[in-house]
Protein chains: 2
Amino acid sequence: MTKPPTRIQQRNRAAILSAGLDVFSQYGFRGATLDQIAEAAGLSKPNLLYYFASKEAIHAALLERLLETWLDPLKALDGAGDPIAEIMGYAQRKLALSRDYPRESRLWANEILQGAPRIEDILRTDLKALVDKKAQIIKAWADDGRIADVDPHHLIFSIWALTQHYADFDVQVRAVLGDKAPYDGASVFLDALYEKLLQP
Amino acid sequence: MTKPPTRIQQRNRAAILSAGLDVFSQYGFRGATLDQIAEAAGLSKPNLLYYFASKEAIHAALLERLLETWLDPLKALDGAGDPIAEIMGYAQRKLALSRDYPRESRLWANEILQGAPRIEDILRTDLKALVDKKAQIIKAWADDGRIADVDPHHLIFSIWALTQHYADFDVQVRAVLGDKAPYDGASVFLDALYEKLLQP
DNA sequence: CGTTGTTTTGACCAGTTGGTCAAATGCAAG
DNA sequence: CTTGCATTTGACCAACTGGTCAAAACAACG
């Protein structure tokens with residue numbers, strides 16, 4: 001039987017994961033170094049490796065944690081709800097995720113950019129299955145004339161693209177916007193966009 | 001006066017830039033190695049460095065070339081044209097760029113993800129100025145009631161996000177779509193989206 | 001052909017990388 | 001306060017990193 005983690009273990013594992021998230025999300029797996037992560041976590045490198053077996057292990061732990069939270073908002077899209085409100089709600093939830101968890105968004109982006117070597121299987125199976133299921137719901141809404149007839153897959157892609165852009169391209173968005181805060185305007189824009197797009 | 005490049009120089013410099021684009025666009029600056037680039041270019045590492053002074057120099061040459069072509073489509077947005085056609089045309093041009101130059105799109109994405117250390121100045125000056133100028137045109141159209149009243153900056157962001165998504169997240173898009181080709185559906189979807197969004 | 005400039009290469013280097021290990025330190029329960 | 005386990009560390013390693021250099025191979029032109 002596995003022993004319960006001590007307080008020190010909890011604290012240090014959490015510090016490592018947070019530091020790893022910082023570094024991996026900015027530099028990608030290859031570009032990140034254990035020394036960077038160790039420094040960010042306030043630990044020595046051998047001490048890092050006391051808590052995680054390898055660089056891979058830290059990265060894997062982060063990806064696993066990410067997968068859970070990342071797909072949840074889509075899972076919550078409810079076929080029994082009001083179509084337009086459901087889709088707009090999903091977009092807003094995803095936007096909030098970008099605002100509140102930008103590092104996670106960038107970790108995902110980096111992983112996909114590098115060809116998703118570690119999660120391609122999951123994309124092809126779990127993610128595809130989930131998206132296909134929700135796409136069917138959306139298609140049914142369109143067939144019933146409750147929303148406009150748009151390609152459900154590309155509709156979902158559009159929500160991902162539009163919301164993650166604000167996290168992944170944060171520095172560009174802020175450079176262009178100057179002082180203005182991005183997320184309020186983005187939220188308003190998204191609402192208007194999907195309202196008009198989906199009106200039957 | 002500088003001598004004209006020999007045929008060998010042209011060929012090898014081109015091979016190096018193409019190889020560098022492959023590697024940098026996938027792994028980012030830090031994650032890319034000269035050995036990788038040399039191998040992809042079919043040259044030895046010292047031979048690489050005969051043509052480019054350093055890793056930085058290859059990357060800088062790529063970024064410079066990218067900046068030109070990357071901002072062109074937006075520059076072509078014409079205040080004298082038909083508003084909705086102009087904006088839809090820009091979106092389509094940008095989508096074609098994603099389709100035809102996905103490596104360039106990913107190079108850009110990687111650079112921004114890593115905090116844009118090498119181009120932040122340009123974002124703050126050139127890019128911001130260009131976007132502000134075009135945003136004014138769009139705002140004028142909205143003020144004249146020729147298009148719906150949407151935030152011009154977020155409208156431009158939406159075009160960037162929606163089009164670049166297909167290049168940057170290519171592997172995810174294809175994993176979810178299965179066999180279906182992404183770009184035809186994307187093109188139709190974009191047209192419908194901006195048509196409906198912008199209708200006054 | 002020989003000479004001159006261009007291109008390519010093998011050997012090398014110092015710094016960094018992910019990772020190991022034995023020994024030292026800290027700590028909590030009896 | 002001691003015993004046993006959890007934690008931390010310094011020293012170390014082999015592989016890889018970006019980069020250098022002198023010498024070799026090649027190309028071109030008279």
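This one's a predicted model, so the numbers in the text were calculated from it and none came from an experiment. The analysis underlying the following values was restricted to heavy atoms, covering all of them including side chains, and did not include hydrogens, waters or symmetry mates. Here is the naming used below: chain letters follow the sequence lines, and residue numbers restart at 1 for every chain.
Residues in residues 105-124 of chain B take part in these salt bridge (Lys or Arg N to Asp or Glu O under 4.0 Å) pairs, two or more places apart or across chains: Glu56(B)-Arg118(B), Glu111(B)-Arg118(B), Glu120(B)-Arg124(B). Counting only residues at least two apart or on different chains, the salt bridge (Lys or Arg N to Asp or Glu O under 4.0 Å) pairs with a member in residues 141-164 of chain A are Lys139(A)-Asp143(A).
Side chains of Glu104(A) and Thr69(A): no donor on one and acceptor on the other come within 3.5 Å.
Considering only side-chain N and O atoms, Tyr50(B) lies nowhere under 4.0 angstrom from the phosphate OP1 or OP2 of dT8(C). Considering only side-chain N and O atoms, Tyr51(A) lies nowhere under 4.0 angstrom from the phosphate OP1 or OP2 of dA6(D). Between Ser44(A) and dT8(D) there is no side-chain polar atom (N or O) within less than 4.0 angstrom of OP1 or OP2. Remark: Gln9(A) is not in phosphate contact with dA6(D), judged by side-chain N or O atoms under 4.0 Å from OP1 or OP2.
Other residues, nucleotides and ligands contribute more than 12 heavy atoms inside 6.0 Å of the NZ atom of Lys75(A).
Leu43(A) places its CG atom 16 Å from the P atom of dG18(C), with the value rounded to the nearest Å. Atom pair Asn47(B):CG and dC26(D):C1' shows a separation of 12 Å (rounding to whole Å applied).
Cluster annotation: Ile8(A) is connected to Ile16(A) through the hydrophobic network of ILVMFWY side chains, with a link wherever side-chain heavy atoms come within less than 4.5 Å.
The minimum heavy-atom distance linking Asn110(B) with Gly28(B) is given by the pair ND2-N, 3.5 Å. Taking each heavy atom of Ala91(A) and Thr163(A) in turn, the nearest pair found is O-CG2, 3.5 Å. Smallest separation of non-hydrogen atoms from Val23(A) and Ala32(A): CG1-CB, 3.4 Å.
Between its two ends, the helix from dC1(C)-dG30(D) to dG30(C)-dC1(D) turns its axis by 10°, counting five pairs per end and rounding to 10 degrees.
Between Phe157(A) and His154(A), the ring planes are perpendicular. Angles over 60° get that label, and only those under 30° would be called parallel. Classified by interplanar angle (parallel below 30°, tilted 30° to 60°, perpendicular above 60°), the ring pair His59(B)/Phe24(B) is perpendicular.
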Listed pairs, N/O of protein and of nucleotides 16-23 of chain D, under 3.5 Å:
from    : atom 1 : to       : atom 2 : distance (Å)
dT17(D) : OP1    : Arg30(A) : NH2    : 3.4
dG18(D) : OP1    : Ala32(B) : O      : 3.2
dG18(D) : OP1    : Leu34(B) : N      : 3.4
dG18(D) : OP1    : Lys55(B) : NZ     : 3.1
dG18(D) : OP2    : Leu34(B) : N      : 2.8
dG18(D) : N7     : Lys45(B) : NZ     : 2.8
dG19(D) : OP2    : Lys55(B) : N      : 2.8

Please write out each protein N/O paired with an N/O of nucleotides 28-30 of chain C under 3.5 Å, distance rounded to 0.1 Å.
none

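Within the 4.5 Å cutoff, the side chain of Ser158(A) has heavy atoms near those of the Leu155(A) side chain.
No contact: Phe52(B) has no heavy atom under 4.0 Å from any strand.
The cationic atom of Arg13(A) (NZ for Lys, CZ for Arg) lies less than 6.0 Å from the six-membered ring centre of Phe52(A) and within 45° of the ring axis. Geometric assessment of Arg30(A) against the ring of Tyr27(B) yields a positive cation-pi assignment under the 6.0 Å and 45° thresholds.
Contacts between residues 10-21 of chain A and DNA chain D, counted as heavy-atom distances below 4.0 Å, involve Asn12(A).
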